[in-house]
Participant: 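Structure incoming, see below.
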Number of protein chains: 2
Amino acid sequence: MSEKSRFDRIGELATRRGFFFPAAEIYPDASAGFWDYGPLGSALKRRIINVWRQMIVKRDGMLEIDGAQILPESVFEASGHLQSFADPLTECKKCRRILRADRLIQDKMGKLIPEALSTRELDNLIHAHDVNCPECGGELSEVAKFNLMFRFAAGPRMDSRVALRPETCQSIFLDFPRLYRIMRAKLPIGIAQVGKSFRNEISPRQGLVRLREFIQAEIEVFFNPKNVDDFQKFDRAAGKNVSFLLLEESEEQTLTAREAVDRKMVQNKLVAYYLVLLAEFYEKLGISPGKIRFRELPDEEKPFYAESAWDLEIKTSFGWLETVANHYRTDHDLKVHSEGSKADLSVIDGEEKVLPWVWEDSMGIDRTLLVVLDAAYTKEGKRTFLKLPNYLAPIQVAVFPLVDRDGLTEKARKIYDLLRSQFDAAFDEKDSIGRRYYRMDEIGVPFAVTIDYDTLRDDTVTIRERDSKKQIRIRTSEIEGWLKQRFTIGYSG
Amino acid sequence: MSEKSRFDRIGELATRRGFFFPAAEIYPDASAGFWDYGPLGSALKRRIINVWRQMIVKRDGMLEIDGAQILPESVFEASGHLQSFADPLTECKKCRRILRADRLIQDKMGKLIPEALSTRELDNLIHAHDVNCPECGGELSEVAKFNLMFRFAAGPRMDSRVALRPETCQSIFLDFPRLYRIMRAKLPIGIAQVGKSFRNEISPRQGLVRLREFIQAEIEVFFNPKNVDDFQKFDRAAGKNVSFLLLEESEEQTLTAREAVDRKMVQNKLVAYYLVLLAEFYEKLGISPGKIRFRELPDEEKPFYAESAWDLEIKTSFGWLETVANHYRTDHDLKVHSEGSKADLSVIDGEEKVLPWVWEDSMGIDRTLLVVLDAAYTKEGKRTFLKLPNYLAPIQVAVFPLVDRDGLTEKARKIYDLLRSQFDAAFDEKDSIGRRYYRMDEIGVPFAVTIDYDTLRDDTVTIRERDSKKQIRIRTSEIEGWLKQRFTIGYSG
């Protein structure tokens with residue numbers, strides 16, 4: 001691929017075929033960082049979430065909730081977001097650009113600086129290292145912290161201070177004691193939530209990579225820190241190979257989950273097990289194991305409450321991209337919400353009263369969709385196709401009459417009507433068969449059924465397979481059964 | 001049912017078993033009108049949406065999108081929400097309650113008043129009819145319009161004015177021309193969207209009935225008004241019985257869709273067809289046809305842009321409840337957004353350039369979930385069960401060892417592990433079988449598989465059916481197949 005990058009080609013395909021495109025694009029004042037999913041994109045997103053639900057949530061026996069996106073500010077006061085979920089900004093006095101002060105300093109110094117520096121400390125670093133506007137060389141203004149939450153008021157008196165959640169996890173913490181009780185749960189127990197989160201990002205970029213409104217799939221595993229290596233489930237995962245990029249190392253090491261635990265590279269069996277679950281999930285999405293790694297975060301990148309943190313990164317055509325942030329959060333969350341709400345959030349574990357610790361997997365669904373498209377995008381000569389696993393394909397089967405005459409279209413319509421009640425099916429009778437294959441290949445339709453003159457004679461059809469372009473001939477009565485077997489996700493353990 | 005109303009009992013069951021409960025409930029300052037769905041509620045909601053997708057969206061060949069929830073204010077300036085999506089409020093000068101002026105006046109006058117009255121006109125009516133505070137008799141303050149949208153700013157300079165969408169439909173209108181082109185659509189074409197909407201309701205009430213954050217499933221059907229009775233699809237629906245409550249009538253009339261068109265009770269075949277689709281959807285959810293009606297709205301209740309409007313109402317234990325608002329919107333929406341955005345939103349229909357008209361079905365998913373629970377809630381002596389259609393049950397099958405000894409639990413676990421990869425399954429070994437049945441009945445689990453001593457001998461199990469309490473005995477190898485057949489939604493046409 002020459003002039004255009006693969007990333008640009010995927011973005012172009014996504015917009016042209018309706019996977020995703022900017023929200024309110026017909027309005028010139030539409031704000032950046034908001035996107036709409038079209039028919040193919042919303043179907044693909046649903047299927048990715050479905051695989052997440054099957055491969056992680058259900059498989060592990062987690063509970064799933066769907067909570068309010070608007071929460072009282074007191075929740076974010078307790079969680080610390082009100083005080084510290086902020087970026088340090090500076091403005092160029094000459095060109096008036098707004099810039100991230102910490103990033104500019106890091107770029108100039110060639111190393112990471114701690115997240116928690118005060119605006120005063122950042123100002124000092126700017127002066128000490130002569131940091132200027134990277135665009136025009138202008139002088140920078142004093143640094144100010146800019147909170148990333150969208151905050152507003154509710155109620156007829158506008159006196160109820162609320163905010164759009166910047167992450168889905170807070171309601172998991174708040175609902176935990178109720179769920180633990182009513183679902184008769186035992187520790188460790190995972191609670192999952194998928195839904196929208198919102199951040200007023202300074203510079204939304206690269207399509208779905210950094211958004212102001214995005215979809216998270218978060219999991220909080222509550223556990224008793226005393227029993228963290230008494231963890232049966234680990235056995236299934238122990239032999240699985242995982243790649244780690246450790247602190248201060250420049251190359252990944254691939255070893256089994258058991259080796260990673262034995263060498264104390266990861267905290268304990270529980271952590272290793274959930275990392276394996278995530279890796280297996282991305283493999284199910286069609287990402288090859290060699291393109292999945294866990295990067296250990298240095299203190300400068302770690303949230304203050306996390307005892308350890310691993311980013312799951314996927315190797316894409318545009319570099320390694322973080323798709324899941326994983327944090328070993330200790331009892332931080334339940335403690336701050338106990339204090340904030342004055343409610344006792346501890347639970348009974350066996351004979352013991354305990355304030356559980358939390359392991360978190362925080363997944364970006366939009367980014368995940370992007371890496372799925374990047375992995376699936378395939379060029380073979382003039383042919384472009386999305387090599388999606390069958391169970392991810394937004395459209396599962398296409399039905400074509402060979403030509404639009406002699407009753408073939410009517411016959412094809414009948415078969416289409418039969419299939420579309422069970423599968424996501426498309427019908428296309430326009431243009432040559434070749435062009436129709438091309439259109440379906442480009443959006444990843446795995447199977448195309450063609451009705452031809454033989455169909456009228458002997459009731460058989462051709463099924464053409466997307467990746468191999470192989471064609472087989474089967475009876476019309478067998479199509480349903482043949483297709484059905486080809487869309488199961490399937491996992492063991 | 002005596003002291004407690006059925007509505008209260010359902011609310012109590014929902015909270016106790018984790019269908020839904022107030023968001024951030026541990027925080028004393030949590031704002032009213034925000035709810036979380038727990039594991040059972042979020043599963044039930046997903047299944048309802050799935051039936052909507054099967055029975056309406058897919059069946060009709062609609063396109064589905066998932067758009068941003070935050071949109072630029074200019075969109076709502078064009079749509080009219082910025083100016084007129086407001087409730088007229090008044091405050092009692094004595095007890096300081098905030099009240100809806102229009103409702104107080106209507107209650108006092110005993111009749112509807114037009115929606116579009118100015119604050120001046122409302123003040124005059126309050127004086128003319130001596131309207132006072134219904135709680136304390138106090139004098140009322142001057143009426144002020146209170147906009148129901150949550151509005152705030154985005155971007156690092158906070159200069160991009162945005163709002164949370166008060167309905168999902170606006171992005172459907174904005175995306176329509178792109179979708180029509182790239183999906184090679186023909187008129188009429190339905191575009192659907194399910195997702196959150198937000199309104200700063202004055203007085204959120206009755207659990208899920210009036211929320212500040214709620215889930216809508218909206219459909220906008222774009223059509224050429226010239227061809228509105230040249231509508232093939234109608235034939236399938238023509239014979240279906242539908243109940244209408246016409247203006248100024250106090251009783252419903254039940255007649256076929258064809259009769260409703262012939263007698264000009266509904267605008268045209270297109271409208272009649274989509275009303276039938278909705279009725280069939282609610283029947284699939286377990287609502288009996290006699291409890292579904294379409295109420296014609298008088299001018300006072302109709303949005304100004306709607307040429308006609310029908311509320312789909314469901315008869316519940318707490319009265320008729322609107323669950324879908326249906327509007328014949330003319331070309332209003334595409335016209336105002338053409339003007340607002342300066343983009344040409346007309347499309348080519350055959351040989352003609354046309355600005356399509358719109359038929360809208362605007363469904364509340366939270367209310368729909370509530371009417372589903374209300375219809376399913378059944379008392380038979382001491383037994384309480386949710387008589388949900390199988391395909392709606394959050395948990396599809398329960399697995400019990402008869403007693404927790406002699407290897408029955410281990411055998412039952414094996415069967416559970418087999419089933420849970422394909423079904424939503426629960427395992428329960430605590431307490432007597434009777435109590436376990438009770439717990440599963442209460443949340444609508446349709447089938448319970450019991451492993452007993454015979455299972456160890458001949459590898460058969462008992463399956464007990466929720467509604468009839470009938471038990472059958474089958475081989476363990478047959479359970480999967482037996483269950484599989486029982487969860488298809490199924491429809492024709």
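Throughout, protein chains are lettered first and strands after them, A, B, ... in sequence-line order, and every chain is numbered starting at 1. Quick caveat, the model's predicted, so the values are computed rather than measured.
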Participant: So which of B:A154, B:G41, B:S171, B:A23 has the largest heavy-atom pair count under 4.5 angstrom toward chain A?
Facilitator: B:A154

Participant: Using non-hydrogen atoms only, which part of A:F20 is less than 4.5 Å away from chain B: side chain, backbone, both, or neither?
Facilitator: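 Contact with chain B is absent: no heavy atom of A:F20 under 4.5 Å.
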
Participant: Counting heavy-atom pairs closer than 4.5 Å to chain B, which one of A:F34, A:F173, A:W35 comes out on top?
Facilitator: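 The candidate making the most pairs under 4.5 Å is A:F34.
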
Participant: Measure B:I26 against the heavy atoms of chain A and call it side chain, backbone, both or neither at under 4.5 Å.
Facilitator: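 Both parts, heavy atoms under 4.5 Å.
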
Participant: Mind listing the closest non-hydrogen atom pair of B:R53 and A:R46 along with its distance?
Facilitator: NH1-CD, 3.3 Å

Participant: Below 4.5 Å from any heavy atom of chain B, which atoms of A:R439 appear? Answer side chain, backbone, both or neither.
Facilitator: side chain

Participant: Check the angle between the aromatic planes of A:Y27 and B:H337 and answer parallel, tilted or perpendicular using the 30° and 60° thresholds.
Facilitator: perpendicular

Participant: Under a 4.5 Å heavy-atom cut-off, does chain B meet the side chain of A:I98, its backbone, both or neither?
Facilitator: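 For A:I98, backbone and side chain are both near chain B.
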
Participant: Under a 4.5 Å heavy-atom cut-off, does chain A meet the side chain of B:R96, its backbone, both or neither?
Facilitator: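 For B:R96, backbone and side chain are both near chain A.
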
Participant: Can you say whether A:E73 sits under 4.5 Å from chain B via the side chain, the backbone, both, or neither, judging by heavy atoms?
Facilitator: neither

Participant: Less than 4.5 Å to any heavy atom of chain A: does that hold for the side chain of B:T15, its backbone, both, or neither?
Facilitator: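 Both backbone and side chain.
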
Participant: Given heavy-atom pairs under 4.5 angstrom as the criterion, report whether the side chain, backbone, both or neither of A:M158 touches chain B.
Facilitator: side chain

Participant: In terms of heavy-atom proximity below 4.5 Å to chain B, should A:R184 be classed as side chain, backbone, both, or neither?
Facilitator: side chain

Participant: As an exercise, state the distance from CZ of A:F198 to CZ of B:F152, rounded to the nearest 0.5 Å.
Facilitator: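 Here the rounded value is 7.5 Å.
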
Participant: Given the options B:R181, B:R178, B:E201, B:R212, which has more heavy-atom pairs under 4.5 Å with chain A than any of the others?
Facilitator: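 The residue among B:R181, B:R178, B:E201, B:R212 with the greatest pair count is B:R178.
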
Participant: With no hydrogens and no angle check, is any side-chain donor or acceptor of B:D36 less than 3.5 Å from a backbone partner on A:A68?
Facilitator: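 Yes; at least one donor-acceptor contact below 3.5 Å.
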
Participant: Considering only heavy atoms, which portion of B:F423 lies under 4.5 Å from any heavy atom of chain A: side chain, backbone, both, or neither?
Facilitator: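 Just its backbone gets close to chain A.
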
Participant: Which region of B:L89, side chain (C-beta onward) or backbone (N, CA, C, O), has a non-hydrogen atom less than 4.5 Å from a non-hydrogen atom of chain A, or is it both or neither?
Facilitator: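 Just the side chain, heavy atoms under 4.5 Å.
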
Participant: Do any N or O atoms from the side chain of B:R17 and from the backbone of A:I182 form a donor-acceptor pair under 3.5 angstrom?
Facilitator: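 Pair absent, no side-chain N/O of B:R17 close to backbone of A:I182.
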
Participant: So which part of B:D29 gets closer than 4.5 Å to some heavy atom of chain A, the side chain, the backbone, both or neither?
Facilitator: both

Participant: Given heavy-atom pairs under 4.5 angstrom as the criterion, report whether the side chain, backbone, both or neither of A:D417 touches chain B.
Facilitator: neither

Participant: Under 4.5 Å from any heavy atom of chain A, what part of B:E25 do you find: side chain, backbone, both or neither?
Facilitator: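 It is the side chain, since no backbone atom gets that close.
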
Participant: Taking side chain as everything from C-beta outward and backbone as N, CA, C, O, which of these in B:K45 sits under 4.5 Å from a heavy atom of chain A? Side chain, backbone, both or neither.
Facilitator: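 Only the side chain of B:K45 comes within 4.5 Å of chain A.
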
Participant: So which part of A:S160 gets closer than 4.5 Å to some heavy atom of chain B, the side chain, the backbone, both or neither?
Facilitator: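 Side chain only.
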
Participant: As an exercise: rank A:P177, A:G195, A:G340, A:G18 by heavy-atom pairs under 4.5 Å with chain B and give me the winner.
Facilitator: A:G340

Participant: So which heavy atom on A:G155 is nearest to which on B:N200, and how close?
Facilitator: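 Taking A:G155 first and B:N200 second, the nearest heavy atoms are N-OD1, 2.8 Å.
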
Participant: Would you mind checking which part of B:R16 comes under 4.5 Å of any heavy atom in chain A, side chain (CB onward), backbone (N, CA, C, O), both or neither?
Facilitator: backbone

Participant: Quick one: does any side-chain atom of B:E64 pair with a main-chain N or O of A:S42 as donor and acceptor, under 3.5 Å?
Facilitator: no

Participant: Please flag which part of B:R161 lies under 4.5 Å from any non-hydrogen atom of chain A: side chain, backbone, both or neither.
Facilitator: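 Interface part for B:R161: neither.
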
Participant: With a 4.5 angstrom heavy-atom cut-off, could you sort out which part of B:M62 is near chain A: side chain, backbone, both or neither?
Facilitator: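 No part of B:M62 comes within 4.5 Å of chain A.
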
Participant: Identify which part of A:P72 has an atom lying under 4.5 Å from any heavy atom of chain B, answering side chain, backbone, both or neither.
Facilitator: side chain

Participant: Check the surroundings of atom CZ in B:R157: do more than 12 heavy atoms from other residues, nucleotides or ligands lie under 6.0 Å from it?
Facilitator: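 Atom CZ in B:R157 is crowded, with more than 12 foreign heavy atoms closer than 6.0 Å.
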
Participant: With a 4.5 angstrom heavy-atom cut-off, could you sort out which part of A:R100 is near chain B: side chain, backbone, both or neither?
Facilitator: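 No part of it gets close to chain B.
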
Participant: Under 4.5 Å heavy-atom distance to chain A, tell me which part of B:A153 shows up: side chain, backbone, both or neither.
Facilitator: backbone

Participant: Decide yes or no for A:K196 and B:K196: does some side-chain heavy atom of the first lie under 4.5 Å from some side-chain heavy atom of the second?
Facilitator: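 When only atoms from C-beta onward are counted, B:K196 and A:K196 do not touch, as no gap falls below 4.5 Å.
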
Participant: Please report the interatomic distance CD(A:E213) to CG(B:L71), rounded to the nearest 0.5 Å.
Facilitator: 8.0 Å

Participant: For B:G38 and A:I65, which heavy atoms make the closest approach, and how far apart are they?
Facilitator: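 Closest approach of B:G38 to A:I65: CA-CG2, 4.1 Å.
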
Participant: Could you look at B:L345 and say if it's the side chain, the backbone, both or neither that has a heavy atom under 4.5 Å from chain A?
Facilitator: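 Only the side chain of B:L345 comes within 4.5 Å of chain A.
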
Participant: Count the heavy-atom pairs under 4.5 Å between each of A:I202, A:V75, A:I191 and chain B, then report the option with the highest count.
Facilitator: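 Maximum pair count with chain B is reached by A:V75.
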
Participant: Most heavy-atom pairs under 4.5 angstrom with chain B, which of A:P156, A:A30, A:G61, A:G67?
Facilitator: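 Most pairs with chain B among the choices: A:P156.
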
Participant: Go through the atoms of B:F21 and report whether side chain, backbone, both or neither lie under 4.5 Å from a heavy atom of chain A.
Facilitator: side chain

Participant: Tell me, side chain or backbone of A:A343 under 4.5 Å from chain B's heavy atoms, or both, or neither?
Facilitator: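 For A:A343, the contact with chain B is made by the side chain alone.
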
Participant: Please report the shortest heavy-atom distance between B:K430 and A:K186, naming the atom on each side.
Facilitator: NZ-NZ, 4.3 Å

Participant: With a 4.5 Å heavy-atom cut-off, do A:I70 and B:L164 have their side chains touching?
Facilitator: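 They are in contact (side-chain heavy atoms under 4.5 Å apart), so the answer is yes.
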
